[in-house]
2 protein chains.
Amino acid sequence: MAQIGDKWSLLILFALVDGPERFNALKSRVEGISQRMLTQTLRDLEREGYVIRTVYPEVPVRVEYALKEMGKDLVKPLYQLVSWADQHQEEINRARKEYDEKS
Amino acid sequence: MAQIGDKWSLLILFALVDGPERFNALKSRVEGISQRMLTQTLRDLEREGYVIRTVYPEVPVRVEYALKEMGKDLVKPLYQLVSWADQHQEEINRARKEYDEKS
DNA sequence: CAGCATCCCCTCCGATACTG
DNA sequence: CAGTATCGGAGGGGATGCTG
């Protein structure tokens with residue numbers, strides 16, 4: 001959780017499940033992320049072994065990011081969690097509103 | 001994730017699965033947490049509807065925190081994730097070491 | 001195109017002191 | 001016992017400008 005519970009890791013992982021993506025394509029898919037955070041989070045994910053970075057020495061250079069086996073594996077329990085959150089979103093909103101009104 | 005991906009929420013939820021706990025008992029079970037963060041995180045968890053706070057007006061006062069239905073529910077997919085992490089910890093450590101050596 | 005470097009704000013969180 | 005209030009350091013993360 002400490003590793004992928006930050007602001008962007010989850011979104012980047014999910015943006016990669018459909019297949020490899022280039023840097024700027026990722027930047028488009030992950031709405032609102034800055035160049036800085038995309039680079040930094042990708043480096044972290046690469047370091048932990050979830051993502052592989054491949055450089056194709058063309059001109060201009062092409063860089064692709066893809067999920068490694070472990071990354072694909074990790075996404076499964078994460079989806080469980082996200083789908084849980086989806087199903088309970090209303091309930092949470094209700095609880096929060098109720099709590100706020102009492103205070 | 002934004003809600004329970006912080007430093008303490010997960011640990012507090014897990015400390016409550018065995019049954020209700022009093023404030024200071026929680027403080028002992030969640031190693032390293034400060035009074036301030038325990039209070040604050042409990043308030044958040046209560047606000048989102050995961051935890052219920054009950055005050056028994058004795059002297060001295062007794063306060064118990066317990067998982068609500070939604071909290072117990074949430075813990076299930078979280079356990080999935082944690083057990084995944086347990087199983088892959090070595091693999092992650094290896095990937096990280098390898099990455100660090102290349103840099 | 002895919003980044004790195006820098007500046008800077010703002011939030012998280014620990015430490016400490018105080019209260020019903 | 002179970003908090004609240006306040007201060008201050010560390011770092012997460014955005015904006016901007018520059019590069020091979």
Side-chain angles (χ1 to χ4, degrees), chain A residues 1-16 19-48 50-68 96 99-100 102-103, chain B residues 1-16 19-48 50-68 96 99-100 102-103:
Chain A
M1 287 286 286
Q3 276 172 35
I4 53 140
D6 59 42
K7 191 170 176 182
W8 299 109
S9 292
L10 190 81
L11 295 169
I12 293 178
L13 288 175
F14 283 2
L16 286 174
E21 290 281 6
R22 306 180 58 172
F23 185 85
N24 279 325
L26 269 178
K27 191 164 178 325
S28 302
R29 293 194 70 155
V30 181
E31 202 157 343
I33 195 170
S34 66
Q35 207 174 36
R36 184 184 182 280
M37 289 316 296
L38 181 55
T39 305
Q40 182 174 311
T41 310
L42 281 169
R43 293 290 171 277
D44 288 347
L45 293 174
E46 195 191 351
R47 180 168 183 260
E48 318 296 341
Y50 301 129
V51 163
I52 177 81
R53 174 177 185 269
T54 315
V55 182
Y56 299 92
E58 308 167 353
V59 182
V61 68
R62 179 163 61 99
V63 180
E64 273 192 358
Y65 293 90
L67 290 186
K68 291 176 74 170
R96 184 160 25 193
Y99 182 95
D100 288 349
K102 285 184 185 171
S103 327
Chain B
M1 287 286 286
Q3 276 171 34
I4 52 141
D6 60 43
K7 191 170 178 184
W8 299 110
S9 292
L10 191 80
L11 295 170
I12 293 178
L13 289 174
F14 284 2
L16 285 174
E21 290 280 8
R22 304 179 59 172
F23 185 86
N24 280 326
L26 269 178
K27 194 163 175 330
S28 303
R29 294 193 69 156
V30 181
E31 202 158 344
I33 195 169
S34 66
Q35 207 176 35
R36 184 183 181 282
M37 289 316 295
L38 180 56
T39 304
Q40 183 174 311
T41 310
L42 281 169
R43 293 288 172 280
D44 288 347
L45 294 174
E46 195 191 350
R47 180 168 183 260
E48 316 297 340
Y50 300 130
V51 163
I52 178 80
R53 173 178 185 267
T54 314
V55 181
Y56 298 93
E58 308 166 356
V59 182
V61 68
R62 179 162 62 100
V63 179
E64 273 192 358
Y65 293 90
L67 290 186
K68 291 176 73 171
R96 185 160 22 193
Y99 182 96
D100 287 349
K102 285 184 183 169
S103 326

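Chain naming here is simple, since letters A, B, ... match the order of the sequence lines and numbering starts at 1 in each. Atom set for the values below is all heavy atoms of this structure, side chains included, hydrogens, waters and symmetry mates excluded.
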Exercise. Are any of the side-chain heavy atoms of L26(A) and L42(A) separated by less than 4.5 Å?
Worked result: yes
Exercise. Starting at OH of Y65(B) and ending at P of dA2(D), how long is that distance when rounded to a whole Å?
Worked result: 8 Å
For this session: May I have the distance from D44(A) (atom CG) to dG13(D) (atom P), rounded to whole angstrom?
Result: 10 Å
Seminar exercise, completed: For Y99(A), the ring pair (Phe, Tyr, Trp, His ring centres under 6.0 Å) test, sequence neighbours excluded, returns none
For this session: Measure the distance from CD on Q40(B) to P on dG3(D) and round it to the nearest whole Å.
Result: 13 Å
Exercise. Which pair of heavy atoms, one from L16(B) and one from Y65(B), lies closest together, and at what distance?
Worked result: CD2-O, 3.3 Å
Problem set entry | Spacing of Q35(B) atom CD relative to dC18(C) atom P, expressed in whole Å | 14 Å
For this session: Identify which one of T41(A), V30(A), I33(A) satisfies the side chain to side chain contact (heavy atoms under 4.5 Å, CB included) criterion when paired with L11(A).
Result: V30(A)
Exercise. Does R43(A) put a side-chain nitrogen or oxygen below 4.0 Å from OP1 or OP2 of dC4(C)?
Worked result: yes
For this session: Return the 5'-most residue of the pair G32(A), N24(B) with respect to DNA chain D, ranking by each residue's nearest nucleotide.
Result: N24(B)
Exercise. Within the pair Y56(B) and dA2(D), is there a side-chain N or O less than 4.0 Å away from OP1 or OP2?
Worked result: no
Problem set entry | Euclidean distance, atom CD1 of residue I33(B) to atom P of dG14(C) [Å, nearest integer] | 7 Å
Exercise. Do the side-chain N or O atoms of K7(B) get closer than 4.0 angstrom to the phosphate oxygens (OP1, OP2) of dG14(C)?
Worked result: yes
Problem set entry | d(CG, L38(A); P, dA15(D)) in whole Å | 14 Å
Exercise. Looking at dT6(C), does its base get a donor-acceptor pair with the side chain of R36(A) below 3.5 Å?
Worked result: yes
For this session: For F23(A) and dG20(D), give me the distance from atom CZ to atom C1', rounded to whole Å.
Result: 15 Å
Seminar exercise, completed: Comparing V61(A) with W8(A), nearest DNA chain D nucleotide closer to 5' gives the residue W8(A)
Seminar exercise, completed: M37(B) CE to dC13(C) P, in whole Å, measures 4 Å
